[in-house]
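Read through the structure below, which is laid out as structure tokens, and then see the notes.
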Amino acid sequence: MTDFKTTLQDFSTRFNQKLPALFQMPNGREKRVAEAMYYSLMNGGKRLRPFLVAQSAGLFGIAEERSFMTAAALECLHTYSLIHDDLPAMDNDDLRRGKPTCHKQFDEATAILAGDGLLTYAFELVSSETNPFPAAVRCRLVQLLANAAGAFTGMVAGQMLDLDSERFQTPSDPQTALKQIEEMKTGRLLRFACESGTVLGQASQTQHQALVTYSRKIGIAFQITDDILDVEGDPSLMGKTLGKDAANGKLTYVCAFGLEESKKAAAALIGEAKQALAVFGAEADNLRALADFILSRRS
Ligand code: GRG
């Protein structure tokens, strides 16, 4: 295992050990939805977003335990988006992270509720008094998270454009349309991960801007590599059905520009993301390594 993979794996082990304490299961029959939430949350994600929160906050001396609630909130919200994305009305997937998707393991109505439950729980966690920051900081996090996830310039807006691209004809300027989809659908949560670190750590304007630029670049690169993996990834490593983008006529970077151009574009973005971190020293090395990992990832 490369050093970075070990670092990420170690982080994810620590993170996963802390999650069960956040789930006090009800005793009644309503517990089915909490079980579905927990099933999807504990279902083997890479924990890239929580790692980004911890690393960004860590740049400003915030210990991992102190950024945990923010990181957990973001992972809950991310998991909601995956559950809803897998539903028959959206991407209609049977497998996620190599295991049955939430609606396959439970049922469609329970999966919709599990997504709703994780989305709302994210805001409970981030605003909770057990999140060890002043109320004004927690309030700012709530606002940023809602904006990143939302329907105006956030993830929901990006998902709308993505669905739209499947249903309607290719736009006249696919590059601009794609950038907009990628920045919103995938990029906004990654941006929140980094920006929340600057809020927790009271970063300067320059440091904040550097991390925003970094997160925007890796966000687009992350989506492009996801599109590349949809074409040439290994289904057993990816743990989901591949080749669906082309089959569904989805607008992706690979469909519009081909594999080689897509790889070049992703590599250029990762170079720019690392350049943006020039204001930081060795303390940002894990963020630099994460950027490289996005290019080389196989799952
Ligand atoms: C349903 C509102 C709503 C939004 C869905 C996240 C999303 C928007 C769609 C998922 C489609 C997709 C595969 C996008 C590519 C980028 C992405 C979010 C990949 C999954 O993230 P990883 O690889 O997942 O970090 P793990 O499983 O490691 O957590």
Side-chain angles (χ1 to χ4, degrees), residues 5 8-9 11-12 15-16 19 39-53 71-72 74-93 95-99 101-103 111-112 114-116 118-120 122 145-146 148-166 178 180-193 215 218-231 233 235 237-245 248 250-254 262 266 290 293-299:
K5 278 194 181 161
L8 182 61
Q9 184 73 59
F11 169 83
S12 116
F15 183 76
N16 291 345
L19 283 177
Y39 167 80
S40 289
L41 186 65
M42 299 309 282
N43 208 357
K46 294 183 287 299
R47 311 308 192 196
L48 286 181
R49 292 157 193 79
F51 183 76
L52 272 172
V53 173
L74 179 56
E75 192 67 0
C76 284
L77 202 143
H78 164 61
T79 305
Y80 125 74
S81 77
L82 299 180
I83 294 174
H84 280 195
D85 187 64
D86 290 334
L87 287 168
M90 296 221 189
D91 228 22
N92 193 18
D93 266 304
L95 280 180
R96 165 73 59 186
R97 301 161 174 169
K99 308 211 179 75
T101 46
C102 195
H103 65 276
I112 292 170
D116 295 341
L118 284 164
L119 172 62
T120 43
L145 187 57
F152 300 113
T153 57
M155 180 179 66
V156 169
Q159 180 76 349
M160 185 74 254
L161 286 179
D162 193 51
L163 290 174
D164 195 67
S165 84
E166 264 181 46
L178 276 163
Q180 210 185 7
I181 295 175
E182 287 152 1
E183 281 222 42
M184 294 198 287
K185 187 181 90 165
T186 314
R188 286 303 308 278
L189 293 196
L190 294 170
R191 177 171 164 178
F192 173 84
S215 64
I218 62 165
I220 302 175
F222 190 88
Q223 183 61 56
I224 296 177
T225 53
D226 214 70
D227 298 341
I228 294 170
L229 288 169
D230 189 67
V231 175
L237 293 178
M238 292 291 284
K240 63 177 187 177
T241 319
L242 299 182
K244 292 187 70 188
D245 293 345
N248 292 338
K250 190 178 261 197
L251 175 64
T252 71
Y253 212 92
V254 174
S262 301
L290 185 141
F293 171 76
I294 286 174
L295 271 191
S296 63
R297 75 192 177 100
R298 292 287 163 264
S299 68

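Counting starts at 1 for both ligands and their atoms, following the listed order.
Counting atoms of ligand 1 from 1 in the listed order, those under 4.0 Å from a heavy atom of Tyr80 are 2 (C). For ligand 1, the atoms sitting less than 4.0 Å from at least one non-hydrogen atom of Thr186 are 16 (C), numbered in the order shown with element in parentheses. Listed by number with element, the atoms of ligand 1 under 4.0 angstrom from any heavy atom of Gly45 are 26 (P), 27 (O), 28 (O), 29 (O). Residue-ligand proximity, His84 to ligand 1, at heavy-atom distances under 4.0 Å covers atoms 1 (C). For ligand 1, the atoms lying closer than 4.0 Å to a non-hydrogen atom of Lys185 are 8 (C), 11 (C), 14 (C). Short contacts between ligand 1 and Gln223, defined as distances under 4.0 Å to a heavy atom of the residue, involve ligand atoms 14 (C), 15 (C), 16 (C).
Inter-residue side-chain proximity for Leu290 and Ile294 is flagged as met; some heavy-atom pair is nearer than 4.5 Å. Side-chain contact between Leu77 and Phe192: absent, with no pair of heavy atoms (C-beta onward) separated by less than 4.5 Å. Counting only heavy atoms from C-beta outward, the side chains of Arg188 and Thr153 approach each other to under 4.5 Å.
Closest to atom 24 (O) of ligand 1, if we only count protein heavy atoms, is His78 NE2, 3.6 Å. Of all protein heavy atoms, the one closest to atom 27 (O) of ligand 1 is Arg97 NE, 2.6 Å. Here the protein heavy atom with the shortest distance to atom 13 (C) of ligand 1 is Asp226 OD2, 3.4 Å. For atom 17 (C) of ligand 1, the nearest protein heavy atom (residue, atom name, distance) is Phe222 CE2, 3.7 Å. Of the protein's non-hydrogen atoms, Ser81 OG, 3.3 Å is the one closest to atom 6 (C) of ligand 1. At the shortest separation from atom 3 (C) of ligand 1 among protein heavy atoms lies Gln159 CG, 3.8 Å.
Between Lys46 and ligand 1, at least one pair of N/O atoms sits closer than 3.5 Å. Of the N or O atoms in Arg49, one or more lie within a sub-3.5 Å distance of an N or O in ligand 1. Ligand 1 has no N or O atom lying under 3.5 Å from any N or O atom of Asp85, backbone or side chain.
Note on ring orientation: taking the six-membered ring where Trp is involved, the planes of His84 and Tyr80 are perpendicular (angle over 60°, cut-offs 30° and 60°).
In this structure a side-chain-to-backbone donor-acceptor pair under 3.5 Å is missing from Asp162 to Gly158. Looking at Thr79, its side chain never comes within 3.5 Å of a backbone N or O of Ser40 through a donor-acceptor pair.
Checked for salt-bridge contact, Glu75 and Arg47 meet the test: a charged N lies under 4.0 Å from a carboxylate O.
When all heavy atoms of Leu295 and Thr225 are compared, the closest pair comes out as CA-CG2, 4.2 Å.
Seen from the ring of Tyr39, Arg96 does not count as a face-on cation partner, given the 6.0 Å and 45° thresholds. Remark: Arg297 is positioned above the aromatic ring of Phe222, its terminal NZ or CZ atom under 6.0 angstrom from the ring centre and at most 45 degrees off the axis.
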